[in-house]
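Before we start, here is the structure in question, set down as structure tokens.
Chain letters run A, B, ... following the sequence lines, proteins first, then strands; residues in each count from 1.
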There are 2 protein chains.
Amino acid sequence: MVKHYTAPLDATFFALSDPTRRAVLARLAEGEATVTDLAAPFPMTLAALTKHLTLLERARLIVREKTGRTVQCRLRAAPLKDATDWMATYERFWPAQFDALDAYLAKQTITAKEPACPQPKPKPFDSHGASPRHGNASSGRGRTRKS
Amino acid sequence: MVKHYTAPLDATFFALSDPTRRAVLARLAEGEATVTDLAAPFPMTLAALTKHLTLLERARLIVREKTGRTVQCRLRAAPLKDATDWMATYERFWPAQFDALDAYLAKQTITAKEPACPQPKPKPFDSHGASPRHGNASSGRGRTRKS
DNA sequence: CTTAAACTTTACCATATGGTAAAGCATTAT
DNA sequence: ATAATGCTTTACCATATGGTAAAGTTTAAG
């Protein structure tokens, strides 16, 4: 019944590939909640949500703890770090951007007289015409409703 | 036949949930390659790999361009930025960590004499070993706090 | 012209999702 | 004791994966 994942990242990325599950994580980021609480916003049965929770738990993104009749769910975001680390490997292929470190170094370069270090300009490999969008990028949070 | 994704992130994360596809991206990070080149390391038919490539293309993580008889595939990592941005929302729930900026500041504080310059690591790609377990210490991106 | 290469497409399969409905099971109210 | 809560589990379905084998298509060689 349960797919055999060859690597933890398989489960992590798969768990994140569903909008309902991402919304559940977003909700849990605000604090633990019961299964019924989590199910409330969605147009699906409790049974369906239980399945999603099982997947999230398998990916170690949440933990469920039964307390009497209810079940408290809590976020466990550690796997997200590994996933982010993996993606960071491809950072130099992203469209141009600035983050805290870039800003920090840029500031150093500008204010400080010393030309810090020759910035390793991310080799433009291709610059794939993608627009140099900056800011957010449609982050999750907004529970993408599926109906 | 093709699943209808409610959001781009669905396709991105799903594409990343398979070790073969992650290995393909790793290979493409070293430069474009033909379908046959990409298929070589895997114990599966070309037809099977074509399916993976179709999924990757659907997620806009690669582009295929037919040149004569062969098809060149190129990486398009832009979607990874959106995915990373989404995960960054949960950074405060990660276990204690150090990223490039932390390391930089720590170094400044501890050995204030060092010629501060976060070296761009050589980027050790796990050659499509399907197990991207490189313990990369989170490369620093992540600080992408919007707002 | 004929054949081989390099892919893609088309059946076909087995399994996992994503859902629902209904039955189970503790636990808590009444 | 009985009924209602809060989940989970068990069929059951439809669809998408992940693969294979075999046929189809271009394009390049001989």
- Item | N or O in side chain of A:R58 less than 4.0 angstrom from C:dT17 OP1/OP2 | yes
- Message: Donor-acceptor pair, distance only, cut-off 3.5 Å: does the side chain of B:E65 make one with the backbone of B:V71?
- Response: no
- Message: What is the separation between atom CZ on B:F13 and atom P on C:dT17, rounded to the nearest whole Å?
- Response: 18 Å
- N or O in side chain of B:T45 less than 4.0 angstrom from D:dG19 OP1/OP2: no
- Task: Select one nucleotide: of D:dG18, D:dT17, D:dA21, the one nearest the side-chain heavy atoms of B:H52.
- Result: D:dG18
- Task: Starting from C1' on D:dT17, measure out to CG on B:L16 and report it in whole angstrom.
- Result: 16 Å
- Item | Side-chain donor/acceptor of B:R64 to backbone N/O of B:C73, under 3.5 Å | no
Can you give me the N/O atom pairs linking the protein to nucleotides 7-11 of chain D at distances under 3.5 Å, or say none if there are none?
{"unit_1": "D:dC7", "atom_1": "OP1", "unit_2": "A:V71", "atom_2": "N", "d": "2.6"}
{"unit_1": "D:dC7", "atom_1": "OP2", "unit_2": "A:T34", "atom_2": "OG1", "d": "3.4"}
{"unit_1": "D:dC7", "atom_1": "OP2", "unit_2": "A:T36", "atom_2": "N", "d": "3.0"}
{"unit_1": "D:dC7", "atom_1": "OP2", "unit_2": "A:T36", "atom_2": "OG1", "d": "2.6"}
{"unit_1": "D:dC7", "atom_1": "O5'", "unit_2": "A:T36", "atom_2": "OG1", "d": "3.3"}
{"unit_1": "D:dT8", "atom_1": "OP1", "unit_2": "A:R64", "atom_2": "NH1", "d": "3.2"}
{"unit_1": "D:dT8", "atom_1": "OP2", "unit_2": "A:T50", "atom_2": "OG1", "d": "2.7"}

- What integer distance in Å separates B:L55:CG from D:dG19:P? 10 Å
- Query: Quick one: do the A:R60 and A:T12 side chains pair a donor with an acceptor below 3.5 Å?
  - Reply: no
- Query: Separation of B:F42 atom CZ from D:dT20 atom C1', in whole Å?
  - Reply: 17 Å
- Round to a whole Å and report the spacing from CE of A:M44 to P of C:dA22. 19 Å
- Query: Salt bridge between A:R22 and A:D18, side-chain N to carboxylate O under 4.0 Å?
  - Reply: no
- Query: Would you say the side-chain atoms of B:D85 pair up with the backbone N or O of B:D82, donor to acceptor, closer than 3.5 Å?
  - Reply: no
- Task: Please report, rounded to the nearest Å, how far the C1' atom of C:dT17 is from the CG atom of B:D10.
- Result: 13 Å
- Donor-acceptor pair, B:T67 side chain versus B:T70 backbone, under 3.5 Å? no
- Message: Between P on C:dT17 and CG on B:D18, what's the gap in Å once rounded to a whole number?
- Response: 13 Å
